[in-house]
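This report concerns only the one structure given below.
Keep in mind that what you see is a predicted model, and the values were worked out from it rather than measured.
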Amino acid sequence: MRFQPIGKTLTCNGIARFTFKGIGLGIARDSSIIRFAPVLSFLILAIFQIIPSQAAIPEDPAFGYPAPPANVVAKDIPNDAGKSIIINWDLSPDDIKENKKFIGYEILRSTSSDTGFVIIGSATAGSSQLSDNETVDGVFYYYIVRAVMGSMFSESPPAGPAASSQQWFHLGRINTLIALLVISISIVWYIERAKKGEKLFIRKIAGLEAVDEAVGRATEMGKKIFYVPGTQDMDNVQTIAGVTILGRVARLTAQYETPLEVPVSRSLVMVTAREVVKEAYLNSGRPDAYSDSMVYYLTDDQFGYAAGIEGLFVREKPATVFYMGAFYAESLILAETGNSVGAIQIAGTAMPAQLPFFIAACDYTLIGEELFAASAYLSKEPKLLGSLKGQDFGKLCILLAIMLGVIIQTSGLYDFTKLFIVR
Amino acid sequence: MRREIPLIITAIVGFTYIIQFFVPHWPFNILEGLLTSWMLIIFAFAIWLGALNLLKVSLDKISKRSRDWPYAIITIAGFLMIAIPGFLFSGGRRFQDPGTAFDYIYQNVYSPLSSTMFAMLAFYVASASYRAFRARTKEATLLLLAAFFVMLGRVPIGDVLSSFLPEGYRMSQMADWIMNYPQTAGQRAIMIGIALGIVSTSLRLILGIERSHLGGE
C-alpha cells in the first residue's frame with residue numbers, strides 16, 4: 001500500500017495538515033491486502049475523520065486558523081510626495097475563492113519590531129497590497145499582515161523597517177521629459193531660424209484658405225457671420241486656439257464692414273473674445289464699428305446653448321458660420337442647422353469624436369492639429385510659423401519611433417512599448 | 001503693462017504646471033490642486049458676468065424693440081423662473097434637494113427640454129449621413145462602403161445576411177476589423193497631431209509668442 005502525500009505539508013500556528021491521494025489504486029494493486037479491506041477501510045475513514053484535508057474547510061475552531069500571508073514587504077512608494085509606504089504580501093494559502101470563511105487581511109503598524117502594533121487598515125480577500133498614507137517621513141515603521149478567517153487569525157512576522165520620503169524627480173516620467181525637451185527645443189530652434197528670415201514651407205490648409213472667401217461671401221450677401229468658439233472654458237487649449245482665430249476673422253470683418261456675432265457659452269470666454277474682437281477692430285482702424293453686443297453670453301448649458309444658436313441661425317440666416325474650439329454632442333446639431341440655412345461653414349476642433357460630424361456637415365474642417373496651426377497660418381508671422389515647423393519635426397520623430405518600434409517589436413528583440421509607459 | 005502682466009502670469013502658471021508634473025516634492029505636489037481651486041473660484045464668480053450680460057442684452061432688445069425682441073422676454077422669464085425659486089423658495093433646504101421648487105422645474109422642464117435637444121441628434125445624424133455617404137468621389141465611395149459594413153455588422157441581420165461566408169469574414173467581424181484597425185490607426189494619427197499641436201500652442205502661449213488671445217498681434 002502506498003500513500004502519496006500531495007503538495008506540501010503545511011504548518012499553520014502549530015497545526016499540521018496532510019492530504020493523501022492514490023489510496024484506492026494502491027489497494028487494488030496489492031491483492032494480498034484485500035482480506036484486510038474492512039479493517040483498512042475503517043482505519044482510512046478514521047484517519048479522514050480526524051485529519052482534515054488541505055482543501056476542506058475545518059469546522060472545528062481549533063483547526064480554523066488561516067495560514068498567514070508570506071513574504072511581507074514594506075517599502076517607500078517611489079516617485080511621490082512622501083507620507084506613503086506600500087505593503088505587499090503573498091496571499092494566504094487559505095485565501096481561495098472556495099473558502100467563504102476567509103474574510104481578508106488586517107494591516108498592523110508599529111515603530112518597534114516587537115510591540116505596539118495597531119491596526120491601520122484592512123484589505124479584502126484576494127488583495128495583496130495596501131498603501132499606508134499616514135506616515136511621517138523619515139520615521140521607520142514595521143508592519144504585520146494578519147490573515148482573518150472567521151473569528152480566527154494568524155499573523156506574518158514583522159516586515160520592515162521602512163520609512164517614507166519625498167522625491168525631487170518622478171523617474172517614471174523621464175520619457176515624457178525627454179519627449180517634451182526634444183519637441184520644445186525643435187520648436188524654439190525653428191522659431192529662431194524663422195526670426196533670422198529663413199523662408200519656411202507650410203503646406204496649404206484648405207479650410208484656412210477659405211476664410212477670406214467665407215468672409216467675402218457674407219459681405220457680398222450683406223448677411224451676418226457667426227463665430228462659435230466651442231462650449232468649453234478658457235482653460236481648454238482648443239478654446240484659446242478658437243479665440244485666437246477669432247481675432248483674425250474679426251480683423252477681416254472689420255475691414256469688410258461685415259456684421260459679426262459671437263454667441264458664447266462661458267463668461268470668461270465672453271470677456272476674452274470681447275477683448276480680442278475690440279482689439280482687432282481697433283487695429284483695423286474701425287473702433288467705431290465695434291460694439292460689446294457683438295459678443296454675448298447665452299448659457300453654460302450644452303443643449304441650451306445649442307438650442308439658442310439654432311434659433312439664431314434660423315432667424316438670422318447667416319451667410320457664414322465658424323465653429324472653432326471644443327465641441328461635444330452639440331456639434332452636429334449646430335452644423336446641420338447651419339447647413340440647412342445655407343451658410344458656408346468652416347469648423348475646427350480637436351475632439352476626434354466630433355470630427356466626422358463636422359466633416360459631414362461643414363464645407364471645410366480643420367482636423368485636430370490644423371486648429372492649432374490656424375493662428376500661425378493666418379498671421380504668416382515668422383515666429384508662429386517656426387513653431388509649426390517644430391511641430392512637424394515632432395511628427396517626424398514619432399513616425400521614426402513607430403517604424404523602429406514595428407521592427408523591434410516584430411523581431412522580438414526588446415519590448416519597445418516599455419519605453420512609452422508613463423507612470 | 002496691460003499685456004505684460006497677463007503674459008507673466010501665463011508664463012509662471014504654465015511653467016508651474018510643467019514642473020509639478022515632474023517634481024512630486026512639496027510644494028510642487030500641491031500646486032496643481034491649488035491652481036485648480038483658484039480657477040474654479042474664478043469660474044464661479046465669472047458666472048455672474050454671463051448672467052448679467054444675458055439680462056442686459058435681453059433688456060436692451062426689449063427697450064429698443066429690436067428684431068425678434070419677444071424672444072428676449074422669454075429668455076428673461078426663463079432666467080427668473082429658475083433663479084427665483086432657487087434663491088427664495090427652497091424652504092430652508094439646499095436648492096437642489098428633492099422636493100424643492102428648483103428641483104421640480106429641473107426635473108419637469110429642464111431635463112425634458114435637454115433630452116429633446118439630444119434626441120434631435122438622431123435626425124441630424126440621418127440627414128448628415130445621407131449627404132456624407134453619397135459616392136461622388138473615390139474617397140466618399142470608400143467611406144460609404146466602410147459605413148455599409150460597420151452599420152450592417154452592428155445589427156444581427158448583418159450576420160444573417162453573411163452567414164454563407166466562412167467564420168471570420170462575416171459582417172460583424174468585418175465591422176470589428178474596420179473599427180479596430182483602419183479606424184483606430186486613423187484616429188491615433190489624429191490624436192498624435194493634436195497632442196503635438198497642444199504642445200506647440202502651449203509653448204507659444206507660455207513663451208509669449210502667441211498673444212492674439214490677449215488682443216495683441
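Looking at I333(A), the atoms closer than 4.5 Å to chain B (heavy atoms on both sides) sit in the backbone and in the side chain alike. Only the side chain of I192(B) comes within less than 4.5 Å of a heavy atom in chain A; its backbone stays farther off. Looking at T244(A), both its backbone and its side chain come within 4.5 Å of chain B, counting heavy atoms on both sides. Interface residue L207(B): only side-chain heavy atoms are found under 4.5 Å from chain A. Contacts of E310(A) with chain B are made by side-chain atoms alone, with heavy-atom separations under 4.5 Å and no backbone atom involved. Only the side chain of V271(A) comes within contact range of chain B, with heavy atoms under 4.5 Å apart. Interface remark: L205(B) contributes side-chain atoms only to the contact with chain A (heavy atom separation under 4.5 Å). Using a 4.5 Å cut-off between heavy atoms, N339(A) touches chain B through its side chain atoms alone. For I191(A), the part sitting under 4.5 Å from any heavy atom of chain B is the side chain, from C-beta outward, and nothing else. Interface remark: D392(A) contributes no atoms to any contact with chain B (heavy atom separation under 4.5 Å). Interface residue I18(B): only side-chain heavy atoms are found under 4.5 Å from chain A. When heavy atoms are compared at a cutoff of 4.5 Å, L203(B) approaches chain A solely by way of its side chain, counted from C-beta outward. Residue contact with chain A, scored on non-hydrogen atoms closer than 4.5 Å, involves the side chain of I190(B) exclusively. Contacts of Y110(B) with chain A are made by side-chain atoms alone, with heavy-atom separations under 4.5 Å and no backbone atom involved. Neither the backbone nor the side chain of A241(A) comes within contact range of chain B; no heavy atom of the residue lies under 4.5 Å from a heavy atom of that chain. At a 4.5 Å heavy-atom cutoff, the contact between V23(B) and chain A is made by backbone and side-chain atoms alike. For S379(A), no part sits under 4.5 Å from any heavy atom of chain B, backbone or side chain. Only the side chain of D233(A) comes within less than 4.5 Å of a heavy atom in chain B; its backbone stays farther off. For T176(A), the parts lying near chain B are the backbone and the side chain together; criterion is any non-hydrogen pair under 4.5 Å. Heavy atoms of R274(A) lying under 4.5 Å from chain B belong exclusively to its side chain. For a residue to count as touching a neighbouring chain, one of its non-hydrogen atoms must lie under 4.5 Å from one of that chain's; by this rule F133(B) does not touch chain A. Contacts of I183(A) with chain B are made by side-chain atoms alone, with heavy-atom separations under 4.5 Å and no backbone atom involved. Only the backbone of A51(B) comes within contact range of chain A, with at least one heavy atom under 4.5 Å from a heavy atom of that chain. For T201(B), the part lying under 4.5 angstrom from a heavy atom of chain A is the side chain only. Of the atoms belonging to V264(A), not a single heavy atom falls under 4.5 Å from chain B.
Rounding to the nearest 0.5 Å places CG of L332(A) at 6.5 Å from OG of S127(B). Atoms CG and CZ, on L180(A) and F21(B) in that order, are 9.5 Å from each other to the nearest 0.5 Å. The line from CD1 of I47(B) to OG1 of T299(A) is 7.5 Å long, rounded to the nearest 0.5 Å. Interatomic distance, T10(B) OG1 to I240(A) CD1, rounded to the nearest 0.5 Å: 8.0 Å. Atoms CD and CG, on E316(A) and D68(B) in that order, are 6.5 Å from each other to the nearest 0.5 Å. Atom CG of L384(A) sits about 10.5 Å away from atom CZ of R211(B), to the nearest 0.5 Å.
Ranked by heavy-atom pairs shorter than 4.5 Å toward chain A, the options A46(B), P24(B), S58(B) are led by P24(B). Looking only at heavy-atom pairs under 4.5 Å with chain A, the residue among G186(B), A132(B), G193(B), S129(B) that has the most is G193(B). Of the residues considered (M117(B), M39(B), Q187(B)), M117(B) shows the highest number of contacts with chain A, using heavy-atom pairs under 4.5 Å. Taking chain A as the reference chain and counting heavy-atom pairs below 4.5 Å, the highest number among Y124(B), F123(B), W48(B), F28(B) is found for Y124(B).
Of the charged side-chain nitrogens involved, none lies within less than 4.0 Å of a carboxylate oxygen, so that K383(A) and E210(B) do not count as a salt-bridged pair. Here R131(B) pairs with E336(A) in a salt bridge; the nearest charged N to carboxylate O distance falls below 4.0 Å.
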Evaluate the side-chain contact (heavy atoms from CB on, under 4.5 Å) criterion for residues I209(B) and S387(A): first the C-alpha distance (whole Å), next the side-chain angles of each, then the deciding distance (0.1 Å), finally the verdict. CA-CA 9 Å; I209(B) 297 166; S387(A) 72; over 6 Å; no
Would you sort out whether F43(B) and D235(A) count as a side-chain contact (heavy atoms from CB on, under 4.5 Å), showing the intermediate values? CA-CA 10 Å; F43(B) 285 168; D235(A) 60 328; 3.8 Å; yes
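With contacts defined as side-chain heavy-atom distances shorter than 4.5 Å, the pair F357(A)/V125(B) qualifies. S267(A) places none of its side-chain heavy atoms less than 4.5 Å from the side chain of N53(B). Taking 4.5 Å as the limit, every side-chain heavy atom of F372(A) sits out of range of all side-chain heavy atoms of L196(B).
A 6.0 Å sphere centred on NZ of K389(A) holds more than 12 heavy atoms belonging to other residues, nucleotides or ligands. Shown here is F420(A), whose CZ atom has more than 12 heavy atoms of other residues, nucleotides or ligands within 6.0 Å. Remark: Y106(B) OH is loosely packed, at most 12 non-hydrogen atoms of other residues, nucleotides or ligands lying under 6.0 Å away. Within a 6.0 Å radius of OH in Y17(B), more than 12 heavy atoms belonging to other residues, nucleotides or ligands are found.
The aromatic rings of H25(B) and W168(A) lie parallel to each other, their planes meeting at an angle below 30°, with 60° marking the opposite boundary.
Proximity of a side-chain donor or acceptor of N29(B) to a complementary backbone N or O of A81(A) within less than 3.5 Å is not detected.
Judged by the 6.0 Å distance and 45° axis criteria, R315(A) is positioned over the aromatic ring of Y71(B).
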